[in-house]
Amino acid sequence: MLSILIEVEKETRNLFQLAVQRRRRLRAKMHSLVVAYTKEEGSDETTTNLIESLMGLLRIHVKRGVNLAVRDARSSDPYVVVKMGKQRLKTRMVKRDVNPEWNDDLTLSITNPNIPIKLTVYDHDTFTKDDKMGDAEFEVSSYIEALRKHTNLEEIQNGTVLSRLQPNSSNCLAEESLIYLKDDKILQDLVLRLGNVECGEVEIQLEWIHFPGSKTFSCQ
C-alpha cells in the first residue's frame, strides 16, 4: 500500500512539473508574439501594456480553399494572408490547385475582439506581383461571447452545439457557422465566401488559447 502511495505522489509531482513547464512555455510564446507585434513601436512600455491587456491567442486553422479563381493559364498557386490590425500572417503556397489543402495554423494575439479579421487569397507569381483571388472579413465577438458564457466545460457534453451563426448580407458566411465543444475545447467552424472575385470559398476553424494570468476568462 505504501509503495502505491509513493508512486501516486511521484506521478502527481511529475504532472505538476509538466503543467508548470507548459505554462512557462505558453507565457514565453505570448511574450514573443506581442514583442513581434510591437517591434515597429520600439517601446518597452507599449509591449508591457499590450501584455497586460492581452486577452489570449486566437489560433486560426486554415483548412482548405474550394473552387478558387483561376489566375494562371489553367490553375493558380494560392496562399492565404490573414490581417488583424497591424498583425499579418500567411499560409504556405500550394502549387497549381484551385481546391488547395493548406491545413496551416495562424495565431493572432487578441486585445480587442471587436476588430474584424480580414482574410485574402493570393496567387503566387514568380516574376510579377501576386494576384488577388478574393477576400472576406469575419468577427470573433460571437465566439468570445460563447467562451465567456461557457466556462465550466465539465458540465457540457462533448459535441454540444453552443451557438449558431447564419449567413446574411452583413457577413461573409457561405453557410451556417457552428460554435461547439469538442475534446474540452470550444471551436468555431466557418466557411467564408470570398468577395471581389468571381468564385471561391475558404474553410477555417477557430480555437482559443488562454493566456496564463489573464482575467478575461476563467481557466478551463
Side-chain angles (χ1 to χ4, degrees), residues 29 32-33 36-37 39-40 57-110 113-144 159 161 163-180 182-183 185-209:
K29 181 178 181 180
S32 63
L33 284 169
Y37 172 70
K39 64 181 180 179
E40 294 183 358
L57 299 181
L58 181 69
R59 178 179 292 155
I60 304 174
H61 181 62
V62 184
K63 295 181 178 180
R64 64 183 65 88
V66 179
N67 191 30
L68 300 181
V70 174
R71 286 293 179 266
D72 295 329
R74 295 182 180 179
S75 188
S76 296
D77 303 320
Y79 65 93
V80 171
V81 172
V82 171
K83 294 182 67 177
M84 184 183 193
K86 294 182 179 180
Q87 298 177 86
R88 184 182 187 275
L89 303 168
K90 69 177 183 179
T91 68
R92 63 189 176 89
M93 179 264 293
V94 176
K95 291 185 177 181
R96 296 183 294 277
D97 197 341
V98 293
N99 294 285
E101 297 275 349
W102 290 294
N103 288 316
D104 279 354
D105 289 334
L106 307 179
T107 305
L108 296 170
S109 57
I110 305 297
N114 296 317
I115 299 176
I117 299 174
K118 185 172 183 178
L119 180 151
T120 306
V121 182
Y122 289 91
D123 170 48
H124 174 76
D125 290 317
T126 303
F127 301 108
T128 60
K129 184 179 179 180
D130 293 353
D131 299 318
K132 284 188 176 182
M133 298 171 60
D135 55 64
E137 279 193 357
F138 63 96
E139 297 181 352
V140 295
S141 53
S142 297
Y143 180 57
I144 298 293
V161 175
S163 183
R164 301 172 184 266
L165 279 70
Q166 302 299 327
N168 55 50
S169 58
S170 64
N171 61 43
C172 297
L173 294 177
E175 59 185 51
E176 183 181 58
S177 174
L178 301 181
I179 301 174
Y180 59 97
K182 181 179 180 181
D183 299 332
K185 298 177 182 178
I186 295 179
L187 307 174
Q188 181 177 3
D189 291 336
L190 300 96
V191 180
L192 300 172
R193 180 181 292 110
L194 298 175
N196 302 310
V197 70
E198 57 269 28
C199 60
E201 297 175 355
V202 174
E203 299 179 14
I204 65 174
Q205 183 182 79
L206 306 183
E207 178 186 347
W208 188 261
I209 302 174

For Asp183 and Lys185, indicate whether the former's side chain and the latter's backbone hold a donor-acceptor pair under 3.5 Å. no
Quick one: CD1 on Ile186 to CD1 on Ile179, what's the gap to the nearest 0.5 Å? 8.5 Å
Rounded distance [0.5 Å steps], NZ in Lys90 versus CG in Leu106: 11.0 Å
Sidechain-backbone polar pair: Asp97 side chain, Asn99 backbone, donor-acceptor under 3.5 Å: yes
For the pair Thr120 (side chain) and Asp135 (backbone), establish whether a donor and an acceptor sit closer than 3.5 Å, ignoring hydrogens and angles. no
Should Arg64 and Glu101 be marked as a salt bridge (Lys or Arg N to Asp or Glu O under 4.0 Å) after you check the CA-CA gap, both sets of side-chain angles, and the distance that decides it? CA-CA 4 Å; Arg64 64 183 65 88; Glu101 297 275 349; 3.2 Å; yes
Go through Leu108 and Leu57 one step at a time and tell me if the side-chain contact (heavy atoms from CB on, under 4.5 Å) criterion holds. CA-CA 6 Å; Leu108 296 170; Leu57 299 181; over 6 Å; no
Among Val202, Thr91, Asp131, Leu192, side chain to side chain contact (heavy atoms under 4.5 Å, CB included) partner for Val121: Val202
Heavy-atom count around Lys132 NZ within 6.0 Å, excluding the residue itself: above 12? no
Report the distance from atom CD of Glu139 to atom SG of Cys172, rounding to the nearest 0.5 Å. 10.0 Å
Between Tyr180 and Gln205 the two heavy atoms that sit nearest each other are OH-NE2, 3.1 Å
Gap between atom CG of Leu58 and atom CD of Gln188 - 0.5 Å precision: 9.5 Å
For Val94 and Pro100, work out which heavy atoms get closest and say how close. CB-CB, 3.9 Å
Measuring from atom CG of Asp123 to atom CG of Asp130, what distance do you get when rounded to the nearest 0.5 angstrom? 7.0 Å
May I ask you to test the Asn103-His61 pair for a side-chain heavy-atom distance under 4.5 Å? yes
Over all heavy atoms of both residues, which pair between Ser76 and Val98 is shortest? Give the atoms and the distance, please. N-CG1, 4.1 Å
Nearest non-hydrogen partners of Glu201 and Ala174, listed with the distance: OE2-CB, 3.5 Å
Between Lys63 and Glu203, is the closest basic N to carboxylate O distance under 4.0 Å? no
One pair to check against side-chain contact (heavy atoms from CB on, under 4.5 Å): Arg71 and Val197. What are the steps and the verdict? CA-CA 11 Å; Arg71 286 293 179 266; Val197 70; 3.5 Å; yes
To the nearest 0.5 Å, what is the distance between CD1 (Ile209) and CZ (Arg59)? 3.5 Å
Is any side-chain heavy atom of Leu119 closer than 4.5 Å to a side-chain heavy atom of Val81? no
Residue pair Asn171 / Phe138, side-chain heavy-atom distance below 4.5 Å: no
Side-chain (Glu198) to main-chain (Ala69) donor-acceptor, under 3.5 angstrom: no
State, with a plain yes or no, whether a side-chain heavy atom of Trp208 is found less than 4.5 Å away from one of Ile110. yes
CZ (Arg92) with more than 12 external heavy atoms under 6.0 Å: yes
When you compare the side chain of Tyr79 with that of Asp104, does any pair of heavy atoms fall below 4.5 Å? no
Is the shortest heavy-atom distance from the side chain of Leu178 to the side chain of Asp189 under 4.5 Å? no
Closest non-hydrogen atoms of Pro113 and Val140, given as atom of the first, atom of the second and distance, are O-CG2, 3.5 Å
Show your working on side-chain contact (heavy atoms from CB on, under 4.5 Å) between Arg96 and Asp77 and close with a plain yes or no. CA-CA 5 Å; Arg96 296 183 294 277; Asp77 303 320; 3.8 Å; yes
Would you name the heavy atoms of Leu206 and Ile60 that are closest together and state the gap between them? CD2-CG1, 3.9 Å
Distance-only, no hydrogens or angles: does the Ser177 side chain make a donor-acceptor pair with backbone N or O of Leu165 under 3.5 Å? no
